[in-house]
Amino acid sequence: MKIQHYLVRLYPHTWRERYEDELLAMLEQRSLSFTDGVNLLFGALDAQLHPHLGTTGMSLYERIIHMFATLRRSLLTIFCAYIGFILAGWAFQKMTEYDDFVEAARTHSVVGLSFNLVVIGAVVALLAVLAGGLPIAVAVIRSALAQKRRGPLLLLAVPVLAFAVFLGTTFLPEALHRPGNHLSPVWQLFLDRGVFFGTLIAAAVASAGSVCFAVARSEISEKLLRFAVLPSILATISMALVLAATIIWGLGLRDGVPQLFAGNDGLVGSSTTGTWLGIVIAMAIATLLAAVSLIRGLSARSALRNAAA
Amino acid sequence: MEDVEAFAGVHLGPGTLYGAIARLEAQGLIEPLEAYERRRPYRLTDTGIAFLQKQLTGLETFASMGLQRLASR
């Protein structure tokens, strides 16, 4: 298969159903240059961001269903991105709770101010996710009770169970350190940290996945989903603010307390610089995913409004 | 693509071209005709003709005003 076939596959399914054949027929007439390949990539990104493109062949009903599903998927992706962001934020909080970092925030204004911005942004993002998510969770519960379906209720219980399992693993190291246990240091380290981080990530994935599964299989009104876009905008802006503040925090620490920045005060005694970079990269990926999904969601919301008019 | 390159001297990438076609079709300014040999021609709709007429008239007014101002210098 030629490269242009792979590039065209990056376009959304609906778009390809409408334009793929004629676009490929045009591309096959001449060899694809590098700039045309890059242009196709940007075209695919544009089509992904504007899901209403390529839906002209659909009936009004099909178009509304398609836009509704796109809006719901976009909101769920923002939620998943937020969960990923929370994990990175939690790592930042764990790293900065040591006395040296607290002292650096107290004595260096850039470090202190940016840290406060991280806290403010995190609180605003949490409130925004709750404002958009709680009415949807209530709608899932109502829908499940009305249809007498246990599935969605059990799925919504998964985050609580996952948190309980995670809390349970925090007692594991204590149990393993009993006098009778003779474990090698490598096993000790694996069980202490590996199990802790593994359970945390597994709990986050299971929680986000089960909530998404429950919402995707419940009857949620269009009005509720359209409302949720507004808190999603606030949540995404807050994530971007926290990301910017985290970057400034690291740069401020590098200039203000270079020995701390270059030391090994990161997570589980790792490099501070490495931990900070890892956190920034994870936050940037989550924010980018949320921003892309937000643009898709806004486009779908606008198309839904136009279709209803 | 070759057509645009020939009369405007600008290379139009395939992603840009199909982004424009999808938008013009979504706005009801163009419509597809029957495909032949996998190639699909498009034509302007009545709305598209009216819109283009308005745009070109605006450009014509703008261009003639610019030329008049240049001539009076």
Side-chain angles (χ1 to χ4, degrees), chain A residues 2-58 60 63 66-67 299-300 302-307 309, chain B residues 1-70:
Chain A
K2 290 179 179 173
I3 183 79
Q4 49 261 52
H5 288 254
Y6 288 110
L7 289 172
V8 172
R9 283 192 175 191
L10 296 173
Y11 280 80
H13 180 71
T14 315
W15 194 99
R16 280 192 286 128
E17 276 191 350
R18 172 67 188 82
Y19 298 111
E20 184 176 32
D21 200 37
E22 56 190 275
L23 174 59
L24 284 174
M26 187 185 77
L27 291 172
E28 283 162 12
Q29 286 183 323
R30 59 189 223 181
S31 58
L32 189 78
S33 67
F34 176 74
T35 49
D36 281 351
V38 173
N39 188 265
L40 266 181
L41 270 177
F42 279 105
L45 177 66
D46 176 48
Q48 292 286 355
L49 291 176
H50 301 94
H52 68 285
L53 297 177
T55 58
T56 44
M58 292 179 172
L60 182 64
R63 214 179 301 169
H66 175 66
M67 287 305 139
S299 183
S302 163
L304 265 176
R305 196 172 48 221
N306 291 341
Chain B
M1 279 162 67
E2 287 87 356
D3 194 24
V4 174
E5 210 164 336
F7 85 81
V10 176
H11 177 71
L12 191 64
T16 308
L17 176 64
Y18 266 85
I21 287 175
R23 279 184 171 79
L24 290 171
E25 202 186 352
Q27 290 167 26
L29 301 176
I30 61 168
E31 62 186 359
L33 296 171
E34 201 61 44
Y36 64 94
E37 293 174 358
R38 295 174 65 210
R39 298 184 70 185
R40 188 184 293 279
Y42 289 85
R43 73 172 169 207
L44 285 165
T45 60
D46 291 344
T47 317
I49 290 169
F51 182 79
L52 187 61
Q53 188 82 49
K54 195 178 165 190
Q55 294 295 314
L56 290 176
T57 308
L59 278 174
E60 191 181 31
T61 310
F62 185 74
S64 60
M65 189 188 290
L67 287 169
Q68 276 175 19
R69 296 259 170 104
L70 276 177

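Each chain gets a letter, A, B and so on, in the order its sequence line appears, and its residues count up from 1.
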Scored by heavy-atom pairs under 4.5 Å with chain B, the best of His52(A), Gln4(A), Gln29(A) is Gln29(A)

Among residues 41-51 of chain B, residues within the sub-4.5 Å heavy-atom range of chain A, in order of number, are Tyr42(B)

- Query: Should the heavy atoms of other residues, nucleotides or ligands under 6.0 Å from CZ of Arg69(B) be counted, would the total exceed 12?
  - Reply: no

Bottom line for Leu27(A): the part with an atom under 4.5 Å from chain B's heavy atoms is side chain

Q | Any His11(B) side-chain heavy atom under 4.5 Å of Asp36(A) side chain | A | yes

Does Glu28(A) have more than 12 heavy atoms from other residues, nucleotides or ligands lying within 6.0 Å of its CD?
yes

To the nearest 0.5 Å, atom CG of Leu23(A) lies from atom CZ of Arg38(B) at 10.0 Å

dist Arg23(B):CZ -> His50(A):NE2 (nearest 0.5 Å) comes out at 5.5 Å

One should read off an interatomic distance between Ile30(B) CD1 and Thr56(A) OG1, to the nearest 0.5 angstrom, of 9.0 Å

So CG of Asn39(A) and CG of Leu12(B): to nearest 0.5 Å the spacing works out to 7.5 Å

For Tyr19(A) and Ala22(B), the nearest pair of non-hydrogen atoms, with its separation, is OH-CA, 3.3 Å

Looking only at Asp46(A), Leu45(A), Leu7(A), Thr55(A), most heavy-atom pairs under 4.5 Å shared with chain B are made by Asp46(A)

Bottom line for Leu24(A): the part with an atom under 4.5 Å from chain B's heavy atoms is both

